Amino acid sequence: MNCTEFLANLTDYFDAKTAATLRVELERHMGGCSHCHVTVDTTRQTIEVYRNNELFELPESIRTQLHQAVLKKCANLKRKKAHTA
Amino acid sequence: MATMLTPEEKEANALHPDLLLVERVKAGDLSAFEQLMRQYDRQIFRIALHITQNREDAEDIVQDTFFKAFQKVNQFQGNSKFYTWLVRIAVNESLMRLRKRRSQKTVSMDDEIQTEEGSIPRDFADWMPNPEQNYNQAELADILRKTIKGLPPGFRTVFALRDIDGLSTEETAQALGLSVPAVKSRLLRARLQLRERLSRYFRVPTGEHAS
Ligand SMILES: [Zn+2]
């Protein structure tokens, strides 16, 4: 297996979708190829650190505000539709 | 209302409780819609934030996405998951906003400079820390955030949906209106760019291999 083949299978490998025989081949390649090893490792750690440190929470107060704003627009739309119907 | 459903729809309902709520929304039930918002607003916010990298925009996108979903709910056929359908609206809204920002004349320090290979943050060189340094998780997360922000939007979006937000490759393809091979190729390019920019921060002790 060469690097191109390895990289082509990387997404399935991360999904744990690969067949056992292919998996063994992928891992063998990774064991002997620092380029591919680093690629896998960087991706894995990027995902992990990024997921663990997300500052992406939506505060409850803002959620409520957003819901109210959307519901108001939806109610207006419903009313308009009822009028034209 | 349930009696109006075809056998196929009944079967689909049995598979996913969202579809029952969607049927109620189609009949004009706003409380059912509120329930769907409660269920997915945070994910939609995260996706919008991953793509736009701007909190204010992401909040607006949550609003616009759900209102659009309500307007177009009759177009939802139930052949994909409601969530995937929602994500597709959110991605379109996010990319639209990104384009709008790009075309605005004022460029902030956070703006990206387009290059052949994609884009890099304007102040990339300034904050690039010394790789020999040891980083704690929060520092690393900050570096990652800036690096991901520097990816071209097309790569960033697939990476965020697939690897960060946990959509499957097929769902990512559906949400973006791309083929599965196209998603895989963008993912690979995103990963290689991240590797280029980040591997120095994740030094693996020599001789140790990923298990
Ligand atoms: Zn290799």
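These figures come from a predicted structure and were not determined experimentally. Sequence lines set the chain letters: A, B, ... in the order given, protein chains first and strands last, and positions in each chain run from 1.
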With a 4.5 angstrom heavy-atom cut-off, could you sort out which part of Gln71(B) is near chain A: side chain, backbone, both or neither? both

Does anything in residues 172-189 of chain B get under 4.5 Å of chain A by heavy atoms, and if so which residues? Lys184(B), Leu187(B), Leu188(B)

Part of Leu10(A) within contact of chain B (heavy atom distance under 4.5 Å): both

For Asp163(B) and Thr43(A), the nearest pair of non-hydrogen atoms, with its separation, is OD2-CG2, 4.1 Å

Using a cut-off of 6.0 Å, state whether more than 12 heavy atoms not belonging to Glu56(B) lie near its atom CD. no

Value for OG (Ser199(B)) from NE2 (His37(A)), rounded to nearest 0.5 Å, stands at 12.0 Å

Arg195(B) vs Thr39(A), side chain to side chain donor-acceptor pair (under 3.5 Å): CA-CA, chis, key distance, verdict: CA-CA 5 Å; Arg195(B) 174 201 188 278; Thr39(A) 302; 2.9 Å; yes

Select all residues of residues 1-8 of chain A having any heavy atom within less than 4.5 Å of some heavy atom of chain B, and report them by number, or 'none'. Leu7(A)

Over all heavy atoms of both residues, which pair between Thr46(A) and Leu194(B) is shortest? Give the atoms and the distance, please. CG2-CD1, 4.4 Å

Is it the side chain or the backbone of Thr11(A) that comes within 4.5 Å of chain B heavy atoms, both, or neither? both

Go through the structure and list residues passing salt bridge (Lys or Arg N to Asp or Glu O under 4.0 Å) with Lys72(A), not counting sequence neighbours. none

Taking C-beta and beyond as the side chain, do Arg63(A) and Arg38(B) meet within less than 4.5 Å on heavy atoms? yes

Taking a cut-off of under 4.5 angstrom between non-hydrogen atoms, the residues of residues 57-70 of chain B near chain A are Glu59(B), Val62(B), Gln63(B), Asp64(B), Phe66(B), Phe67(B), Phe70(B)

Where the side chain of Arg42(B) meets the backbone of Leu58(A), is there a donor-acceptor pair that is under 3.5 Å apart? no

Who among Ile148(B), Thr169(B), Leu192(B), Asp41(B) has the most heavy-atom pairs with chain A under 4.5 Å? Asp41(B)

Glu57(A) and Arg55(B): which non-hydrogen atoms are nearest, and at how many Å? O-NH2, 2.8 Å

